[in-house]
Amino acid sequence: MPVSIWWIRRDLRLDNNAALEAAQKSGLLVLPVFILDDHLMKPSLSRRHRFLLEAIINLKEHLAARGSGVVIRRGDPLEKMRELVCETGATSIFAEEDFTPYARQRDEVIKKHLPLKLTDGLTIHHPTAVLKPDGSPYTVFTAFSRKWRSLPVVFLSTRPRDCFLPANQIPYSDSMPEFAPVADFPGTRKEAETRLTRFIDASSHTYHEYRDRMDLDGTSGLSPYIRFGLISASEVINRLRSDKITTLPAGFEVFNNELIWRDFYHSIIFHFPFVRETSFREEFRKLVWRNAPSDIQAWKEGRTGYPVVDAGMRQLKQTGWMHNRARMITASFLTKDLLINWQEGEHWFMDQLVDGDLAANNGGWQWAAGTGTDAAPYFRVFNPVIQGKKFDPYGDYVRRWLPELREIRGGRIHEPWLIPEYELARAGVQLGVTYPLPIVNHSQARERALHAYQSAGR
DNA sequence: TGATACTTTGC
DNA sequence: CAAAGTATC
Ligand SMILES: Cc1cc2nc3c(=O)[nH]c(=O)nc-3n(C[C@H](O)[C@H](O)[C@H](O)COP(=O)(O)OP(=O)(O)OC[C@H]3O[C@@H](n4cnc5c(N)ncnc54)[C@H](O)[C@@H]3O)c2cc1C
């Protein structure tokens, strides 16, 4: 019996899914397929892959509840898709378009051999829909966002009917790899909805003020869910407005802007795929970075001696998530204070983050390093102490992630080296022993970075 | 979506 | 002399 394949990639949801909707509209029964591309899973299962696997199981349960299922095959996508088309007589394959260089090349090849049809949905506006009047892509965020906001947001509310191939006709699946779910991030649609509702109810008038505060839970915590499409960016945007006319409350206005940043970075990776390998700004490709493996190691393990940097890096390592402000601070510290190639940081984040995403992560790193589109100017060097005092004023964030400093009270925790020794001793702290002294002097490191960037810049 | 060194303001 | 403003990186 001919079927249509819904090829699930990073759109792990049934509702408001354009690829699934297109498959259903074909009029044939829909066979949901997920291909575990082993090449993406190497060398070992990272957190985002564990999250993905749990989300697949959750989706499978939803499909089972509808009397269907999902085929899971492991291997090369073209090969496996060919197999499935042969086995099932599928006449078309529907999938949500993905903009990474790897995904585009993969899909390009598959399109030559199989009836693959791609739909929009990863971003709110397609990268080719947000262009300058002359048709070229934007490289400055504010200009991009102005154009983005001028476009009408069309939200197609869809929910699949009984269109799925019955369970007894679903072909065999390969075994799933063993994995442990990611603590704190249940990979379910229900959890995504819960988080969105909680955020909508709590943050319409506070997000813009709380989002930078590392000591508060002022953000949505939706990033891995959006990353793998358990909920889409469009679904999220759609929930911000209770009716179409009113302007957004201040908090949601800023939140909306964050989702535009997301579209912006997807657009950058689409139009400038080379940023995956190298700096967007050509003049910084010849920047001479330091080769300092022990500094990289100290940064990864959160023992740089700057409490706010170390707190962020410990949060990352322990949970797979880091507050946005902490991502900016730790990225600035690695690239400016330690003068280490931003790609080192990019790879470590990708390895650790449960929401790890090439477009957003590469964009964030190139922004922090000053090498990207519309990046922070190279001379914008974060002072980790000032950032800490400003965005973790009472030191609660640091105490949460650095148990060895937990007995130090208040915002002074951001500069433990200024606290008298007897007081540190009372808190069980001995600098250089229980907690490191700063591995670099910030003001000297800042000068060093300015010089290096300056000489590369001309 | 900075920081710093230096100058000016205002009490 | 602290706060506020400004030029520069
Ligand atoms: C160096 C660096 C690396 C980053 N790497 C990633 C990454 O791998 N994956 C990722 O999703 N985000 C990344 N970000 C962006 C941002 O830090 C996270 O999206 C955010 O912290 C996730 O938490 P949240 O869902 O609570 O965010 P919220 O503040 O609730 O934001 C809502 C959503 O908007 C999107 N978003 C917010 N900020 C950004 C941004 N600056 N760029 C792109 N999308 C954004 C995310 O989808 C996020 O879930 C990175 C930022 C930096 C500075």
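Residue numbers begin at 1 in each chain, while the letters A, B, ... track the order of the sequences. The basis for the numbers below is simple: all heavy atoms, side chains too, and nothing from hydrogens, waters or symmetry mates.
Counting non-hydrogen atoms under 4.0 angstrom, Arg327(A) reaches nothing in the nucleic acid. Across all strands shown, Glu258(A) has heavy atoms under 4.0 Å from base atoms, whether or not it also approaches the sugar-phosphate.
Identified under the salt bridge (charged side-chain N to carboxylate O under 4.0 Å, His left out) test for residues 400-411 of chain A, with sequence neighbours left out: Arg314(A)-Glu404(A). The salt bridge (charged side-chain N to carboxylate O under 4.0 Å, His left out) pairs that include a residue from residues 440-450 of chain A number zero, where partners must be two or more places apart or lie in different chains. Sorted by first and then second residue, the ring pair (Phe, Tyr, Trp, His ring centres under 6.0 Å) pairs involving residues 407-436 of chain A (not counting sequence neighbours) are Tyr306(A)-Trp417(A).
Surrounding CZ of Phe179(A) are more than 12 heavy atoms belonging to other residues, nucleotides or ligands, all under 6.0 Å away.
Contacts between residues 137-150 of chain A and DNA chain B, defined by a heavy-atom separation under 4.0 Å, are absent.
For Lys389(A), the side chain to side chain donor-acceptor pair (under 3.5 Å) test picks out Glu415(A), with sequence neighbours left out. Legend: residues meeting salt bridge (Lys or Arg N to Asp or Glu O under 4.0 Å) with Asp120(A), ordered by chain and number and at least two apart, are absent. Residues forming a salt bridge (Lys or Arg N to Asp or Glu O under 4.0 Å) with Glu301(A) (at least two apart in sequence, or on another chain): Arg303(A). In terms of the salt bridge (Lys or Arg N to Asp or Glu O under 4.0 Å) criterion, residue partners of Arg399(A) (sequence neighbours excluded) are, by chain and number, Asp396(A).
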Tabulate atom names and distances for all N/O pairs under 3.5 angstrom spanning the protein and nucleotides 2-6 of chain B.
residue, atom, partner, partner atom, Å
dG2(B), OP2, Arg325(A), NH1, 2.7
dG2(B), OP2, Arg325(A), NH2, 3.3
dG2(B), O3', Gln387(A), NE2, 3.4
dG2(B), N2, Phe379(A), O, 2.9
dA3(B), OP1, Asn383(A), N, 3.4
dA3(B), OP1, Gln387(A), NE2, 3.1
dT4(B), OP1, Asn383(A), ND2, 3.0
dT4(B), OP2, Asn383(A), ND2, 3.4

